[in-house]
Amino acid sequence: MEPRKARFVTCLQLVLVLVSRSEDQDGGWRSSADPSLDDGGRCNIEVLDSDEVSYSDFMNRFAYSRPVILRGLTDNTKFRQLCTKQNLLQEYGDLTVRLSTANTYSYKKVDVSFREYVEQLLKPQTVDALGNDTLYFFGDNNFMEWNDLFSQYHPPPFTLPQTTGAYSFGIAGAGTGVPFHWHGPGYSEVIYGRKRWFLYPPEQEPHFHPNVSTLSWVTHTYPSLPLEEAPLECTIRPGEVLFFPDRWWHATLNLDTSVFISTFLG
């Protein structure tokens with residue numbers, strides 16, 4: 001092979017390796033337009049490796065009393081591979097998905113193709129954008145249409161008595177999230193990206209406006225909170241699962257373009 005051609009092939013191989021590594025890290029979802037959002041550095045939620053907690057420990061210490069982050073509880077390597085941007089567009093691009101506004105009550109619903117959402121609507125959110133102006137793909141999944149994908153997901157094995165799990169799958173841009181709200185217990189797992197969580201126990205209702213984004217709350221309200229009003233908080237990453245008990249207030253903030261799935265126990 002000619003030296004010039006050999007150098008070209010070597011460079012091409014290097015580019016392909018770098019692209020492959022990027023796909024492994026972010027699944028092709030991270031955009032150069034994504035803002036660099038700090039994860040805050042603070043984590044005051046207990047984080048445990050799977051070999052540090054048994055089902056009995058989970059039930060006694062967390063199931064009905066406080067959140068916990070569990071590492072290595074499941075192996076979703078296969079599911080993660082299926083959730084790359086390229087694969088999801090190829091498999092589900094023509095499906096109709098239902099988007100919700102990113103405010104506390106999510107009244108407004110908009111139906112678009114998955115491809116249109118990913119290629120046109122999936123973008124970072126600015127600090128001054130209101131929740132009812134931001135369309136968010138999370139939940140409202142047609143289980144039959146997404147069944148092939150969901151069948152490859154391994155949910156956390158620690159279930160609560162007399163409950164079954166329901167999946168809510170989502171993809172959202174950096175800076176997006178849902179402001180404070182509450183519902184039944186469940187798990188949240190990040191497949192790609194980083195998601196920051198803020199939580200309060202049921203009796204401690206946080207001060208927030210239901211149409212103001214979590215990013216705005218973090219920017220304008222959070223810094224001035226008295227110590228006694230500070231939330232429990234942490235950032236979860238791929239391979240980590242956050243459990244939240246029944247009726248706990250929580251708000252989320254996607255620090256990157258993120259792919260995530262929740263298992264609601266009801």
Less than 4.5 Å apart, side chain to side chain, heavy atoms only: is that true for [X] and [Y]?
X	Y	answer
Val97	Asp140	no
Leu242	Cys234	no
Leu122	Phe137	no
Phe79	Ile261	yes
Thr163	Phe264	no

In this structure, would [X] and [Y] fall into the same cluster of hydrophobic residues linked by side-chain contacts under 4.5 Å?
X	Y	result
Leu130	Leu215	no
Leu135	Leu88	yes
Val110	Phe169	yes
Val190	Ile45	yes
Leu199	Leu160	no

If we ignore angles and hydrogens, is there a donor and acceptor under 3.5 Å between the side chains of [X] and [Y]?
X	Y	value
Asn211	Asn132	yes
Ser258	Lys195	no
Asn254	Thr176	yes
Glu189	Tyr153	yes
Asn87	Thr84	no
Arg196	Thr235	yes
Tyr136	Gln125	no

Tell me if the centroids of the rings in [X] and [Y] come within less than 6.0 Å of each other.
X	Y	result
Tyr167	Trp146	no
His183	Phe244	yes
Phe138	Phe260	yes
Trp182	Tyr200	no

Does [X], at its [atom1] atom, have more than 12 non-hydrogen atoms belonging to other residues, nucleotides or ligands within less than 6.0 Å?
X	atom1	value
Gln162	CD	no
Lys109	NZ	yes
Arg237	CZ	yes
Arg98	CZ	no
Tyr105	OH	no

Is the backbone of [Y] close enough, under 3.5 Å, to the side chain of [X] for a donor and an acceptor to pair up by distance?
X	Y	answer
Ser50	Gly72	yes
His181	Pro179	yes
Thr104	Phe180	yes
Thr252	Val178	yes
Asn147	Met144	no
Asn103	Pro210	no
Tyr117	Ile171	yes
His250	Trp248	yes
Asn76	His154	yes
Asn141	Phe143	no

- Task: Go through Tyr222 and Glu229 one step at a time and tell me if the side chain to side chain donor-acceptor pair (under 3.5 Å) criterion holds.
- Result: CA-CA 9 Å; Tyr222 175 90; Glu229 294 184 20; over 6 Å; no
Give me the atom names and distance for the closest heavy-atom approach of [X] to [Y].
X	Y	value
Met59	Thr159	SD-O, 4.1 Å
Trp249	Pro202	NE1-O, 3.5 Å
Pro238	Gly193	CD-O, 3.2 Å
Leu253	Gly175	CD1-O, 3.6 Å
Phe198	Pro231	CD2-CG, 4.0 Å
Leu73	Pro157	CG-CD, 3.6 Å

- Task: Go through the steps to decide whether Arg61 and Glu46 satisfy the test salt bridge (charged side-chain N to carboxylate O under 4.0 Å, His left out), and finish with yes or no.
- Result: CA-CA 11 Å; Arg61 297 171 58 190; Glu46 193 165 0; 2.8 Å; yes
Distance in Å, [X] [atom1] paired with [Y] [atom2], rounded so as to fall on 0.5 Å steps:
X	Y	atom1	atom2	result
Leu265	Asp246	CG	CG	10.0 Å
Ser36	Asp256	OG	CG	8.5 Å
Asp94	Glu91	CG	CD	11.0 Å

- Task: Take Thr257 and Asp34 through the test side chain to side chain donor-acceptor pair (under 3.5 Å) and record every step on the way to the result.
- Result: CA-CA 7 Å; Thr257 298; Asp34 282 3; 2.9 Å; yes
- Could you tell me whether Asp26 and Lys85 make a salt bridge, using a distance below 4.0 angstrom between a side-chain N and a carboxylate O? no
- Message: Please evaluate residues Ile236 and Ser188 with respect to the criterion side-chain contact (heavy atoms from CB on, under 4.5 Å), reporting the C-alpha separation (whole Å), side-chain torsions for both, the decisive distance (0.1 Å), and the verdict.
- Response: CA-CA 9 Å; Ile236 60 171; Ser188 176; 4.0 Å; yes
- Message: The test is side-chain contact (heavy atoms from CB on, under 4.5 Å); show your working for Trp197 and Leu232 and say whether it passes.
- Response: CA-CA 8 Å; Trp197 279 73; Leu232 291 179; over 6 Å; no
- Task: Apply side-chain contact (heavy atoms from CB on, under 4.5 Å) to Val241 and Ile69, showing your working.
- Result: CA-CA 6 Å; Val241 176; Ile69 295 171; over 6 Å; no
- Can you check side-chain contact (heavy atoms from CB on, under 4.5 Å) on Val127 and His220, steps first, answer last? CA-CA 9 Å; Val127 70; His220 300 301; 4.2 Å; yes
- Query: Using 30° and 60° as the class limits, which term best fits the ring planes of Phe58 and Tyr187: parallel, tilted or perpendicular?
  - Reply: parallel
